[in-house]
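Worksheet: one structure, shown below.
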Amino acid sequence: MEKLIEILEDLNPEVDYNTCTNLIDGHYLDSLAILSLVAEIEEEFDVVIPTVEIIPSNFNSAQSLWTLIEKLKEED
Amino acid sequence: MQYCSLVYLAAFLPITLLIYALTNKKKRWLVLLIASYIFFLSLSGKLIVYLLFSTLSIHHFGLWLDRLNKDRDKEVELNKENKKEIKELYKKKMGRVVFLAVLIHIGLLVCLKYTGFFGENINNLLEILNFDFRFKIPKILIPIGISFYTLQGLSYIFDVYKGKIDADFNLGRLALFMSFFPCIMEGPICRYSDTATKLYEGEDLTYKNLAFGAQRILWGLFKKMIIADRLNPFIEKIFCEYNSLDGGVILLGAIFYTIQLYADFSGTIDVVIGSSELFGISLPENFRQPFFSKNISDFWTRWHITLGTWFRDYIFYPVSLSKPMKKMTLNLRKILGNHFGPLVAGSVALLCVWLSNGLWHGAAWTFVFFGIYHFVLIVLGNIFTPLIINICKRWHITRTSKPYVFMQIIKTSILVVFGELFFRATTLSSGFAMFKKIFTDFSFDSLKMGTIFKLGCDRADFTIILLALVIIFMVGLLKEKGFNVRELVTKQNIFVRWTLYYLLIIAIVIFGAYGFGYAPVDPIYANF
């Protein structure tokens, strides 16, 4: 989780990722940031995020992203 | 039979609704399927074979993918140590199946829709190169809605492949999803996971659904008949006779065409969503106050939403997140930083999206230009965003302040109007000629002398159109501010409610452009 927060802070340091639950809906992450975020997560955690998983409910908070990463790791 | 025609609204829709209500809940899907095929037959006749072929083919590919999914799971169960290799092997196998499905369905769409376009351009090239040979271009009849049901069918295949949904063994349910009559002609482009089950469930008719559905249909007719149809002769004249008109009139023509397109498309979508709502089936929204957009990217998340999300999910992300693109994003991010790092991958994907978007709308260079125009605007927007943010910071301009947002909305609307000018132009060269005249031959003479009122719409027409636009703007503004206008109307007492409904009906009857002397605009998006 810490590593994930680090990646997110690197993308946009002006957000409190422990409390923010509308990263997509609140436009904190735009489509270009999502491209970087997916690439960084896949590189760091050795998972592949299928495009069908790129939905606001998975990307709106650090917690939901972490849940997605754990799910993908488990499936692997 | 069009959605805003009397045959549809006064006969087809009520009869279908009545039979649906009288039929056993379990068989209601069949009523909708038969009605959908009758509707399709009335529009495209024997071309229904294309729809039948696509339905059977999509169903078959879905089952094929499902079988591969099950085979993979069995093999993984038996050989857990090689789980990763087995998954990789089946991913490739399934990828080939998906590729074949895309090849067949996009191939069919391209053959039917673009043979003439490509043939003509190849013949032009042969002429330039002084070859005597010319291709004979066959005249091909295109079934209505093929661009819409092909995208729906392919989204089903992609979603099965990605494991988002299970393949549907029920051919009837899939056939209904592919052909549901309210959305076969102009969308919205539905996803299987959102609508297929609802269509099959055979919801009971309720007073709320009937009232909301009728209300939505009336609102759509208001937009379509009072604005889009009334503007038709004016738009026709401007775009055909632009040579003899000054730039001021041409600019007005482009603005009113944008308004006509919005009133026609969003009005028809209101009728479509309302029709579906009568049966208790909610379809996805296709518009969200597009003329309140702050930039072109924002505009395309508010205009023809279901097409935009289709391209985002099935072209933008797969291209920009393909292996080589991801690698490039990681490397470029280290060199160019957070904003410009992913820009190259994003732009390559956007180019694919906008070429597809342009060509999806039709086989003509005007549409290709329309796509490229939006691609360039979005990429430029992305490139200059950091600079604009810096300038605003330096000059202490709050980017969320009302004047700034207002300027953004005006800028976006101007860019949209110019894009739509090329979209409507008969040829690309006439589009450029009109665009040039706006700047080189601009004058208000036709307004001052009143000659503008002799171009198909007189003063009374423009007064009616402007009044209707004020009403639509007010409703849009309320929605933009977060009010649910339909709920607001529902909360009123019966007297206020029915007064509003009657006013709407009377407005359509009195001010709607129909009958002798009027040629309603053909549903513009049905041609795509």
Side-chain angles (χ1 to χ4, degrees), chain A residues 3-17 20-60 62 64-76, chain B residues 76 83-84 87-88 91 155 158-165 191 193 294-295 297-298 301 309 312-334 336-350 353 378-379 381-383 385-386 400:
Chain A
K3 192 68 210 171
L4 174 65
I5 301 269
E6 228 172 79
I7 293 171
L8 286 164
E9 275 174 351
D10 193 27
L11 279 168
N12 185 354
E14 289 164 16
V15 184
D16 180 0
Y17 293 99
C20 187
T21 53
N22 62 341
L23 292 174
I24 304 293
D25 299 332
H27 304 287
Y28 296 105
L29 294 176
D30 60 12
S31 56
L32 290 178
I34 290 172
L35 300 188
S36 295
L37 180 60
V38 171
E40 295 290 348
I41 288 175
E42 291 191 356
E43 173 93 343
E44 182 63 38
F45 299 101
D46 193 26
V47 289
V48 176
I49 300 179
T51 51
V52 285
E53 300 287 4
I54 306 175
I55 47 174
S57 58
N58 283 337
F59 279 68
N60 258 337
S64 58
L65 262 169
W66 185 246
T67 312
L68 173 69
I69 294 166
E70 290 206 309
K71 188 186 98 178
L72 292 170
K73 271 182 167 176
E74 223 169 85
E75 280 174 8
D76 237 16
Chain B
V76 167
K83 189 177 158 186
K84 216 167 185 175
K87 277 191 172 177
E88 203 53 45
K91 198 182 166 194
S155 75
F158 295 141
D159 289 351
V160 172
Y161 168 64
K162 292 281 181 186
K164 187 183 170 189
I165 53 168
R191 302 292 174 90
S193 51
K294 295 182 199 78
N295 54 52
S297 299
D298 188 22
T301 61
T309 51
R312 182 199 64 199
D313 293 348
Y314 303 116
I315 297 184
F316 181 78
Y317 282 138
V319 173
S320 59
L321 292 173
S322 59
K323 268 185 190 167
M325 290 293 169
K326 269 189 288 200
K327 213 171 179 183
M328 187 162 66
T329 299
L330 285 172
N331 291 332
L332 286 178
R333 219 183 133 225
K334 283 172 197 154
L336 302 171
N338 273 340
H339 184 78
F340 293 104
L343 197 60
V344 178
S347 301
V348 171
L350 274 176
V353 164
I378 293 171
V379 171
N382 284 335
I383 291 172
T385 299
T400 47

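So you know, we letter chains A, B, ... as the sequences are listed, proteins then strands, and number each from 1.
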Roughly how far apart are [X] [atom1] and [Y] [atom2], rounded to 0.5 Å?
X	Y	atom1	atom2	value
A/Asp10	B/Arg333	CG	CZ	4.5 Å
B/Leu350	A/Ser31	CG	OG	7.0 Å
A/Leu32	B/Ser347	CG	OG	7.5 Å
B/Leu330	A/Glu42	CG	CD	9.0 Å

Which atoms of [X] approach chain B - backbone, side chain, both or neither, heavy atom under 4.5 Å:
X	result
A/Asp30	neither
A/Glu40	both
A/Glu53	neither

Atom OH of residue position A/Tyr28 - does it have more than 12 heavy atoms of other residues, nucleotides or ligands inside 6.0 Å?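 Atom OH in A/Tyr28 is not crowded, with 12 or fewer foreign heavy atoms closer than 6.0 Å.
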
May I ask you to name which of A/Ile34, A/Leu11, A/Ile49, A/Asn12 has the most heavy-atom pairs under 4.5 Å with chain B?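 Ranked by contacts with chain B, first place is A/Leu11.
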
Whether the side chain of B/Asn338 engages the backbone of A/Ala33 through a donor-acceptor N/O pair (distance < 3.5 Å, no angle test) should be reported.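 Not at all, since once roles are kept as given, no pair shorter than 3.5 Å links the two residues.
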
Please flag which part of B/Phe316 lies under 4.5 Å from any non-hydrogen atom of chain A: side chain, backbone, both or neither.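 Answer is side chain: those atoms of B/Phe316 sit under 4.5 Å from chain A.
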
Engaged part of B/Leu321 at the chain A interface, taking heavy atoms whose separation is under 4.5 Å: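 Contact with chain A involves the side chain of B/Leu321 alone.
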
What option among B/His339, B/Arg312, B/Lys326 has the most heavy-atom pairs under 4.5 Å with chain A?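 That would be B/Lys326.
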
For residues A/Thr51 and B/Asp313, determine if any side-chain heavy atom of one lies less than 4.5 Å from a side-chain heavy atom of the other.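 A/Thr51 does not reach B/Asp313 side chain to side chain.
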
Side-chain touch A/Leu35/B/Tyr317, heavy atoms, less than 4.5 angstrom: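 Side chain of A/Leu35 against side chain of B/Tyr317, heavy atoms only: contact under 4.5 Å found.
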
